Amino acid sequence: MWAATAATARAPGTAYDPALTDRAAAAWIRVYTVGLGSSVDDALLGEIAGRNGATYYKVDQANGLSGIFENI
């Protein structure tokens with residue numbers, strides 16, 4: 001079963017743990033990522049989504065979010 005999940009912002013000083021994404025992929029869960037604004041790590045969010053065949057979406061303003069969630 002495939003599922004779309006949403007993640008919140010990472011707390012300052014914390015590290016991304018790729019094992020979490022690997023566990024999701026092993027459970028057939030796709031992790032879609034969304035970068036909002038200009039202060040995001042596009043490479044990391046693209047890597048997270050790409051690890052399990054999902055998509056990374058980038059938007060500059062919050063009003064662009066509704067279209068993204070409709071796509072997911």
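Model, not experiment: these values are computed from the prediction.
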K.L.:
Where is the tightest heavy-atom contact between S66 and N63, given as atom of each residue plus distance?
P.N.:
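The answer is OG-O, 4.0 Å.
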
K.L.:
Between A25 and N52, which heavy-atom pair has the shortest distance, and what is it?
P.N.:
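In terms of heavy atoms, the two residues are closest at CB-CB, 3.7 Å.
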
K.L.:
To the nearest 0.5 Å, tell me how far R30 CZ sits from T55 OG1.
P.N.:
7.5 Å

K.L.:
At what distance, to the nearest 0.5 angstrom, does CG of L20 lie from CZ of R51?
P.N.:
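So the CG of L20 and the CZ of R51 are separated by 10.0 Å.
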
K.L.:
Just to verify, which of V40, L36, V34 counts as forming a side chain to side chain contact (heavy atoms under 4.5 Å, CB included) with K58?
P.N.:
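Option passing the side chain to side chain contact (heavy atoms under 4.5 Å, CB included) with K58: V40.
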
K.L.:
T21 versus Y16: any side-chain heavy-atom pair under 4.5 Å?
P.N.:
yes

K.L.:
Consider side chain to side chain contact (heavy atoms under 4.5 Å, CB included). Of V31, I48, T33, which one does Y56 pass it with?
P.N.:
T33

K.L.:
Please report the interatomic distance OH(Y32) to CZ(F69), rounded to the nearest 0.5 Å.
P.N.:
12.0 Å

